[in-house]
Amino acid sequence: MNMIVKVDGLVKRYDKLVALDHLNLEVREGDIYGLLGPNGSGKTTAINCILSLLKYDKGSIEIFGKPMKPDSYDIKKDIGIIMQNVAVFDELTVYENIEYFCSLYIKDKAEIKRLTQEAIDFVSLNDYIKFYPKKLSGGLLRRLNIACGIAHKPKLIILDEPTVAVDPQSRNKILEGIMKLNEEGATIIYTSHYMEEVEKICSDIAIIDKGRVIAKGTKDELKAMISTGEKISIEIYQAGDETIEHIRSMPNVISIEYDNEILEIKSGRGKNNLVSVLHYLEENNVNIGRVITEQPTLNDVFLEITGKELRD
């Protein structure tokens with residue numbers, strides 16, 4: 001498959017701070033490429049460098065097989081950008097905003113009109129075309145932002161936290177739209193702090209921290225990198241210390257936590273512990289409620305690889 005984005009050995013410094021430390025990324029044609037990382041990991045810096053909005057100290061960036069430079073307008077016309085902060089004009093209506101952004105790339109007036117209407121249909125904003133942005137809800141505003149970024153039919157679309165602070169219905173609509181764009185041929189780079197979103201839509205994922213890629217692969221490949229193999233959640237009423245300590249000592253148990261009458265057990269890869277745990281609880285007449293067992297999620301991968309401490 002064609003390489004749409006290739007980042008090789010990218011270094012970006014702010015005085016003594018190294019924001020990007022020999023970062024390498026490869027995004028293939030047709031990917032929905034998830035870019036994950038804690039706050040301050042370098043995601044936004046990497047995107048700004050890829051778009052040639054920010055100078056970097058070392059390395060190279062190619063898009064569509066060509067070097068990316070500030071004046072690479074032949075490349076930029078095929079890129080759509082939807083950043084976390086909504087960037088539309090308050091003085092223009094929904095229709096006028098989409099039409100304006102489309103006209104930055106398309107010159108034929110009939111084509112602009114056609115593409116503007118297609119973008120409106122795509123994000124389901126037909127009932128709001130005469131509204132001004134200040135009159136839109138958060139979800140509608142996000143959908144307008146997306147329409148402005150994709151109206152010119154870009155080959156590469158970069159979405160930075162597009163579902164922040166929107167309701168579940170709007171979030172689902174946005175995710176469905178992203179997958180449809182991909183099905184229609186767009187390659188997508190997607191950043192988000194919502195792990196379930198990335199797990200749902202991304203074909204390949206890179207986790208970056210301290211300016212470099214620390215893990216990459218499909219979601220299944222990433223899950224295979226961590227120690228957790230099974231998570232068991234059991235509703236237990238008044239679990240005693242003896243019960244908790246006995247389960248903690250079972251073979252292959254990595255960790256155990258008891259909070260709000262929920263006992264959460266994490267087991268390592270290989271032997272599962274569900275049968276032995278339930279057998280012990282039954283033998284000791286421990287009253288239990290719901291039992292849930294699941295394989296590790298992308299959130300488990302993220303926390304184990306990047307650490308659980310809070311980041312500013």
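Basis for what follows: all heavy atoms, side chains included, without hydrogens, waters or symmetry-related copies. Since we're looking at a predicted model, the values are computed, not measured.
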Taking every non-hydrogen atom, the tightest pair across [X] and [Y]:
| X | Y | answer |
| --- | --- | --- |
| His246 | Ser249 | O-OG, 2.6 Å |
| Pro296 | Ile226 | CB-CD1, 4.0 Å |
| Asp31 | Asn182 | O-ND2, 3.5 Å |
| Thr116 | Glu99 | OG1-CA, 3.4 Å |
| Tyr56 | Lys12 | CA-CD, 4.0 Å |

Do we see a donor-acceptor contact under 3.5 Å between the side chains of [X] and [Y]?
| X | Y | value |
| --- | --- | --- |
| Asp209 | Thr306 | no |
| Tyr194 | Arg171 | yes |
| Lys173 | Ser124 | yes |
| Glu283 | His279 | yes |
| Thr45 | Asn48 | no |
| Thr191 | Asp160 | yes |

Taking [atom1] in [X] as the centre, count heavy atoms belonging to other residues, nucleotides or ligands within less than 6.0 Å. Is the count above 12?
| X | atom1 | answer |
| --- | --- | --- |
| Asn85 | CG | no |
| Arg114 | CZ | yes |
| Glu242 | CD | no |
| Lys216 | NZ | no |
| Glu294 | CD | yes |
| Asp241 | CG | no |
| Lys231 | NZ | yes |

So, the side chain of [X] versus the backbone of [Y]: is there a donor-acceptor pair under 3.5 Å, distance only?
| X | Y | result |
| --- | --- | --- |
| Asp108 | Ala110 | yes |
| Asp121 | Asn126 | no |
| Thr293 | Ile232 | no |
| Asn24 | Gly9 | yes |
| Asn260 | Ile262 | no |
| Tyr258 | Ala239 | yes |
| Asn252 | Ser267 | no |

Show, in sequence, the C-alpha distance, side-chain angles and deciding distance for Ile112 and Lys107, and conclude whether the side-chain contact (heavy atoms from CB on, under 4.5 Å) test is met. CA-CA 7 Å; Ile112 292 170; Lys107 299 307 175 186; 5.9 Å; no
Worked check of side-chain contact (heavy atoms from CB on, under 4.5 Å) between Met68 and Ile79: CA-CA 12 Å; Met68 182 63 167; Ile79 301 175; 4.1 Å; yes
Is any side-chain heavy atom of [Y] closer than 4.5 Å to one of [X]?
| X | Y | result |
| --- | --- | --- |
| Leu159 | Ile188 | yes |
| His152 | Lys77 | no |
| Asp204 | Arg28 | yes |

Taking only Lys NZ, Arg NE, NH1 and NH2, and the carboxylate oxygens of Asp or Glu, determine whether [X] and [Y] approach each other closer than 4.0 Å.
| X | Y | answer |
| --- | --- | --- |
| Lys180 | Glu176 | no |
| Lys223 | Glu199 | yes |
| Glu245 | Arg248 | yes |

Given salt bridge (charged side-chain N to carboxylate O under 4.0 Å, His left out), test Glu197 with Lys200 step by step and report yes or no. CA-CA 5 Å; Glu197 291 183 3; Lys200 179 178 180 180; over 6 Å; no
Should [X] and [Y] be regarded as members of a common hydrophobic cluster, given that ILVMFWY residues are connected when their side-chain heavy atoms come within less than 4.5 Å of each other, either directly or indirectly?
| X | Y | answer |
| --- | --- | --- |
| Leu156 | Leu54 | no |
| Ile63 | Leu20 | yes |
| Phe122 | Tyr95 | yes |
| Val301 | Tyr190 | yes |
| Tyr237 | Leu263 | no |

Test Ile205 against Lys219 for side-chain contact (heavy atoms from CB on, under 4.5 Å), laying out the working first. CA-CA 7 Å; Ile205 301 161; Lys219 60 185 178 183; 4.1 Å; yes
Is there a side-chain contact (heavy atoms from CB on, under 4.5 Å) between Ile234 and Leu278 once you walk through the steps? CA-CA 9 Å; Ile234 306 175; Leu278 293 179; 4.2 Å; yes
According to the interplanar angle, ranging from 0 to 90°, do the rings of Tyr100 and Phe89 count as parallel (below 30°), tilted (30 to 60°) or perpendicular (above 60°)?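 Geometry flag for Phe89 against Tyr100: perpendicular rings.
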In Å and rounded to the nearest 0.5 Å, what is the CG to CE distance from Leu303 to Met195?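 Taking CG in Leu303 and CE in Met195, the distance rounds to 8.0 Å.
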